[in-house]
Each structure stands twice: as structure tokens, then as C-alpha cells.
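To keep things clear, I will list the structure first and then write my remarks on it.
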Amino acid sequence: MHRRCGTKQQKQRSWLCVRAYSFCSVLSTTACTSDWHLGVGIMRVQWTLAALWACHELPASCTAQDPSQTAEWATAMFQDQNGTTFPAESATVSEGAVPEWLRGTLARVGPGVWRLPHRSADHMFDGLAKVTKWDLDGATSAEFTHRFVESNVFQAAMENGAYPRGLAFGPFTPPFSLHETKVSNDNNNVNVWFADSGRLFALTDGPTVVELDADTLETIGHANFTGPLAGGDTSSAHGLPDVSPDSNGALLNFVTVVDDSVGKVNITVLRVGELKDDYTRDLNGFGTLQMSIAEWPYMHSFGRTESHMIITAYPAVLNTLEMGLGRPLTKCIHWQGADSDSDSDSDSQDASVPTRLAVFAIPKPGSEVRDTEPIAVVEDVPPFYSWHSVNAFDASDDSGTITLDVVAHPKFGPDIIADSAFTWFSNSLDPAKYNDTFAWTGTLKRIVIDPETKTSKVTDLPAVDAEGNVYYTEFPRVRDDRSGRDYCFVYATAFYAGNSTWFQDSAIVKVDVCKAAAVAADPHSTSTATATAWGKPGHFPGEPIFVARPNSSTEDDGIVLVSMLDGQANSSYLAILNATTMEQVARVDAPYPIPFALHGEWVPNHN
């Protein structure tokens with residue numbers, strides 16, 4: 001289906017007029033022409049679908065020919081100066097007032113450039129990493145900075161005008177050749193970590209960590225980890241701070257190491273050591289789960305309480321042969337559990353791989369033993385997949401149970417990463433897919449684990465507002481000092497909000513999981529509202545970040561920071577919400593449109 005645009009302005013806003021500018025190289029499709037020019041030292045980067053710009057109100061001449069397919073994916077551009085050097089700029093408080101106590105830095109990372117002169121990426125997760133940073137100083141000022149992560153992948157892409165061959169989620173055009181030199185994947189576009197001494201790191205689901213200057217965002221280099229676990233195969237972009245009583249707040253994570261010689265994969269949980277004088281950190285393993293290489297699970301996150309770490313090995317299995325042949329991960333990850341809504345198998349005739357929850361006791365710092373086995377491995381969990389664990393906590397009574405809350409999807413399959421218009425640029429141009437495919441429709445599930453009996457109980461936690469609207473959730477966040485502890489509130493991004501069938505009707509939703517658990521236990525309850533939402537049609541929210549009010553006495557006393565994309569105005573802003581009422585407190589406008597980042601962190605300014 002084609003749209004025809006009359007004016008130059010309409011051409012610039014139509015999704016047929018795709019433009020990608022990278023380091024003085026102008027790329028464009030042949031669908032439209034343009035008289036845009038590139039000044040010396042100026043680059044324009046076009047954010048395609050991954051920027052998720054939706055426009056409900058384009059001129060009539062640009063509307064779809066089929067009235068039943070009226071979603072319009074607009075393009076978004078922003079201008080940067082001098083290649084990769086982007087000085088901080090003032091951000092304008094255009095609505096409301098920033099709370100005086102809100103002082104600190106919000107750093108976020110996500111994919112940036114997808115289209116290069118000689119090779120382009122189609123999958124959202126393959127865009128070159130870019131970090132954005134908001135510095136807030138109470139009501140007086142706000143500053144905005146952004147910069148590419150100058151990884152090995154980035155440098156090779158800029159030097160050759162093409163993505164280098166390496167591990168990727170989706171296909172590239174043109175495809176890679178097996179004769180091309182591989183570049184290790186350090187394109188860390190998934191998450192950031194503020195470590196000790198104010199150091200900032202960019203992360204992905206690989207073992208390589210890239211260090212950035214926390215002030216300028218300039219790339220410093222790879223973090224230097226030592227020990228036998230430093231050369232692992234995969235890890236998690238969602239490391240969690242150790243909140244055990246004897247902890248110094250060190251980061252917990254896992255690393256997988258494949259041993260082809262015996263056909264096994266070792267999943268080792270670890271604590272990241274303190275920064276030493278030689279700027280290295282030890283990776284101190286304190287437990288290992290060994291599995292068959294034929295069951296190597298793709299894991300993006302895990303669970304952690306004050307006393308335990310829970311590895312969530314769902315039956316989404318990595319095929320090492322296909323990975324060795326250089327196939328994209330969308331073709332290498334196979335669902336080996338039965339479909340949640342049927343008795344049929346998904347990817348194989350023998351859906352024999354169970355979901356495994358491996359529970360490890362967290363030892364005192366300095367007493368780690370890498371080969372310690374899990375205290376329990378639970379295999380009775382129904383089949384579903386989860387990108388993101390919400391929270392986990394130990395029972396307050398003597399039952400010894402562990403509660404793990406997750407955002408669950410029916411399976412890991414095409415609706416998650418392959419057919420979604422959210423993750424594939426090409427699908428955004430297909431009217432049959434950008435709304436018909438209900439991707440990212442996650443639901444909250446509570447798993448209560450009994451390590452002694454090695455059993456679990458799974459309960460759905462309803463997210464329903466007072467009007468009866470059901471909310472699908474992703475990118476969940478809780479208050480930092482409730483992470484790993486019993487809690488009541490989770491904040492998340494909700495696509496298809498308010499029972500909408502339009503993907504661009506997205507919102508931020510607050511769910512009271514304490515009330516949701518009570519409703520689940522009593523289906524005849526007359527009070528079923530568990531969720532409150534905030535959003536604007538055509539405005540795409542990123543991951544919500546909760547910031548507690550100093551000396552707050554209630555869990556939801558604080559604000560929620562949300563990076564927003566206004567698809568109708570081609571602009572971006574930081575929404576500041578009252579975390580209790582979910583009403584907007586202030587809006588801080590960015591100097592440029594910025595992309596849909598994946599994850600981020602807030603660090604307070606204690607000066």
C-alpha cells in the first residue's frame with residue numbers, strides 16, 4: 001500500500017520518505033525526493049520504526065487507501081554536531097514545575113542508527129548504541145546530552161559505511177558473507193549501570209562491558225574483568241545490586257560458558273568485585289547450573305532476593321550450530337516448550353525442555369565458591385517466556401518460600417521478535433502487521449517457589465483499571481529500595497493501552513500487585529481495579545524510572561520519569577509524573593527528537 005504526499009512537508013513526514021544520515025553520508029530511498037542538504041560537520045540521523053513515531057493526524061492526502069489500516073508511522077530526525085561530540089544543551093521546562101528535590105542524572109541507552117551506505121539493519125535491537133542523559137537540578141535547570149557508544153562495532157561501521165559481520169538479532173541488507181571478518185559484539189545498546197565512583201557502563205546480553213565518561217558520555221573502553229569467568233559466552237544486561245545483609249552493594253549477574261568438548265553449558269551466578277588499583281574487577285562465581293548444550297536457554301534477566309538468586313531458564317533454546325553459521329538470533333532461538341494455549345508444540349515435535357528455576361543462596365562477600373550447586377531446581381512451571389523479571393522476595397514467615405514476579409509472554413516466538421512492527425522496520429511498512437500482530441502483550445505472573453519441595457505455584461496478577469480496561473505490560477520497574485524485598489507497586493510500559501487495538505495507544509501503567517494478588521485469590525471480589533494509567537495518543541513512553549521522594553514514608557511517594565516521543569509533533573520530552581496519582585507534574589522538552597531507548601538508570605546528586 002502506498003501513500004501519496006503533496007507538499008514538501010508532507011513528503012518529509014510520510015514513512016515513504018525514509019532518510020538516514022550518518023557522518024556526512026546521505027542515504028535515502030527512491031520513494032521521494034528531497035532538497036535537504038548536509039552542512040560541514042553536521043550529521044542527521046533518521047530514526048526509523050525503532051524510534052516508534054506514530055501520527056494519527058497526517059494530512060488527508062497521506063492517509064492509507066484502506067480506511068481499516070489507518071496507522072501512520074512517521075519518521076523522526078535529529079541533528080547532531082561534529083560527528084560524535086555532542087555538547088550538553090539546555091532542556092526547557094515547558095509545563096508544570098520540576099520538584100525542587102529532584103536532583104540527579106537519568107541515563108538511558110538504546111539503538112540509534114540502522115541504515116548505513118553499504119549495509120542496513122532491519123531489527124530494532126541491532127541499531128548502533130546511543131546514550132542519552134538528562135541532568136536535573138531541581139526546579140532551576142535541566143540539561144540534555146547524547147552520544148554514540150564508540151564500540152568496536154561502531155568504529156568498524158563508521159569506517160566502512162556498513163555494519164560489520166557479527167552476532168545480531170535480525171538480518172542485514174545486504175547479508176553478511178562468511179568470508180567477512182567477524183567483530184565481537186560490543187554494541188551495548190540495552191542497559192546502563194552506574195557503578196562505584198560515578199562510573200557509567202553500557203551493557204548488553206554479552207560478557208563485554210563498555211565504560212563511558214559519566215559526565216560527557218565519551219567512550220573510555222572495555223571494562224577489564226579478571227578471572228576464569230571473564231571470557232564467557234552470554235550474560236544479562238540486567239545485573240542487580242546485592243541487597244543481602246552483609247553486602248556492599250556489588251552487582252550480581254550470571255555468565256554462561258559453553259563447553260563443546262562435553263556438550264554442556266555452565267550457567268554461573270556471580271558477584272562483581274570492587275574496582276582495584278589496577279582498574280580491574282574480579283568476577284566471583286558462587287554457584288553453577290550445568291545443562292545440556294542442546295538446552296542452552298536464552299536468558300535476558302533473573303530474580304534476586306535479599307538471600308537468593310533465581311536463574312530463570314525458560315525453554316527458549318539457542319542452537320549453537322545455527323549461531324556458528326552466522327544466522328541471526330531470530331533464527332537461532334527455538335521455542336522448545338508446548339504452546340501455553342494449546343497442546344501442540346511450537347518449534348519441534350518433541351517439546352521436552354522444561355522451564356527450570358534454579359535457586360542459589362547468596363554467600364557473604366569473600367566466601368564465594370564457583371562450583372556450588374543450586375539449593376533447588378524447580379521444573380514444574382507452566383511454559384511461558386519472560387524477558388523481564390519484575391521483583392523477587394523471601395517469605396516473611398517460616399515457610400521458606402520465594403516469590404518471583406515476572407512479565408510473561410505465551411512463548412518466545414515470532415510475536416515477540418520476528419513479526420512485530422515494534423522490532424522490525426520492514427514490518428512497519430506493512431499495514432497488515434503493524435497493528436494486527438499483538439506483540440509485546442505481556443501479563444504479570446507471580447511464581448511462589450518452595451525450595452524444600454522443589455515445587456511452584458503460578459498465579460496471574462490482573463492489571464485492570466477502574467473502567468475495566470486490561471493493560472499489557474513490559475519494561476517493568478519498582479522502587480529501588482524495594483527491589484529484592486516485599487513490595488506492592490510496579491510501573492511499566494503498556495502497549496495497546498485501554499483495550500485499544502492500536503499499538504500507538506501506549507501508556508505508563510501503575511499496578512498494585514498486593515491488590516492484584518488479593519483479587520486473584522478471590523475472583524468474586526467486587527473491587528477489582530488494580531491499575532492506574534497515564535498516556536497520550538500517539539506519544540510513545542519508554543521505560544518508567546521511579547525516583548523516591550527523600551524521607552518518604554510510603555512506597556509510592558515519589559515521581560516517575562518517562563522519556564516520551566511525540567509522534568505528531570516530531571519532538572521528545574521527559575514526562576515527570578506523580579507516582580502516587582499518576583498525574584503529570586512537569587514536562588521537560590528535549591532540544592531534539594530522541595530515539596526509543598530500551599533501559600536506563602537514575603543516580604541522585606548528593607552534592
Side-chain angles (χ1 to χ4, degrees), residues 238-245 247 249 252 301-310 312 357 359 362 386-397 399-408 442-449 456-465 471 473-494 508-521 527 529-534 543-562 577-582 599-602 604:
H238 292 282
L240 293 170
D242 186 353
V243 294
S244 58
S247 168
L252 300 177
S301 64
F302 57 91
R304 177 271 284 116
T305 73
E306 290 183 309
S307 304
H308 300 96
M309 186 164 164
I310 308 102
T312 51
L357 303 181
V359 180
I362 299 175
S386 176
W387 285 92
H388 299 117
S389 297
V390 177
N391 199 11
F393 55 91
D394 300 307
S396 58
D397 55 25
S399 66
T401 60
I402 300 167
T403 297
L404 172 66
D405 291 347
V406 302
V407 174
T443 57
L444 295 172
K445 287 186 183 291
R446 169 158 291 181
I447 309 170
V448 179
I449 303 165
S456 68
K457 178 182 179 181
V458 180
T459 304
D460 290 313
L461 299 178
V464 183
D465 66 18
Y471 290 90
T473 56
E474 254 302 345
F475 303 108
R477 294 296 294 256
V478 301
R479 177 172 169 148
D480 283 347
D481 61 8
R482 301 314 305 165
S483 180
R485 304 177 175 96
D486 198 357
Y487 75 114
C488 279
F489 299 109
V490 57
Y491 300 83
T493 304
I508 295 298
V509 62
K510 172 188 178 182
V511 182
D512 185 336
V513 295
C514 294
K515 189 171 184 180
V519 171
S527 176
T530 61
T532 307
W534 174 89
E543 175 191 50
I545 307 292
F546 182 94
V547 182
R549 183 189 304 274
N551 303 314
S552 58
S553 59
T554 58
E555 182 181 334
D556 61 347
D557 184 9
I559 58 91
V560 177
L561 299 175
V562 188
L577 310 180
N578 182 315
T580 305
T581 65
M582 293 301 287
H599 298 286
E601 291 292 338
W602 166 265

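Values below: every heavy atom of this structure, side chains too, minus hydrogens, waters and symmetry copies.
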Is the shortest side-chain heavy-atom distance between Ile449 and Thr401 below 4.5 Å?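 Heavy-atom side-chain distance check fails, nothing below 4.5 Å.
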Could you measure the distance from the CD1 atom of Ile559 to the CZ atom of Phe546? Nearest 0.5 Å is fine. 8.0 Å
For Arg479 and Ser552: C-alpha separation, side-chain torsions, deciding distance, then whether side-chain contact (heavy atoms from CB on, under 4.5 Å) applies. CA-CA 12 Å; Arg479 177 172 169 148; Ser552 58; 2.8 Å; yes
So, using side-chain hydrogen bond (donor to acceptor under 3.5 Å, both in side chains) as the criterion, who are the partners of [X] when residues are at least two apart?
X      : value
Ser456 : Asp380
Asn391 : none
Asp397 : Ser399

Side-chain donor or acceptor of [X] paired with backbone N/O of [Y] under 3.5 Å:
X      : Y      : answer
Glu543 : Gly600 : yes
Ser301 : Trp387 : yes
Ser389 : Phe302 : yes

List in chain and number order the residues that pass salt bridge (Lys or Arg N to Asp or Glu O under 4.0 Å) with [X], two or more places apart in sequence or in another chain; answer none if no residue qualifies.
X      : result
Arg304 : none
Asp242 : Arg271
Arg482 : none
Asp460 : Lys445

Who pairs with [X] by side-chain contact (heavy atoms from CB on, under 4.5 Å), at least two apart in sequence or on another chain?
X      : result
Thr305 : Ser307, His308, Ile310, Ala392, Asp394, Ile402
Asp465 : Glu467, Asn469, Tyr471
Ala529 : Ala466
Ser527 : Lys515, Ser525

I want to know whether His599 and Phe475 have ring centres closer than 6.0 Å. yes
Contacts satisfying salt bridge (Lys or Arg N to Asp or Glu O under 4.0 Å) that involve residues 548-561 (not counting sequence neighbours) are Lys510-Asp556, Arg549-Asp557
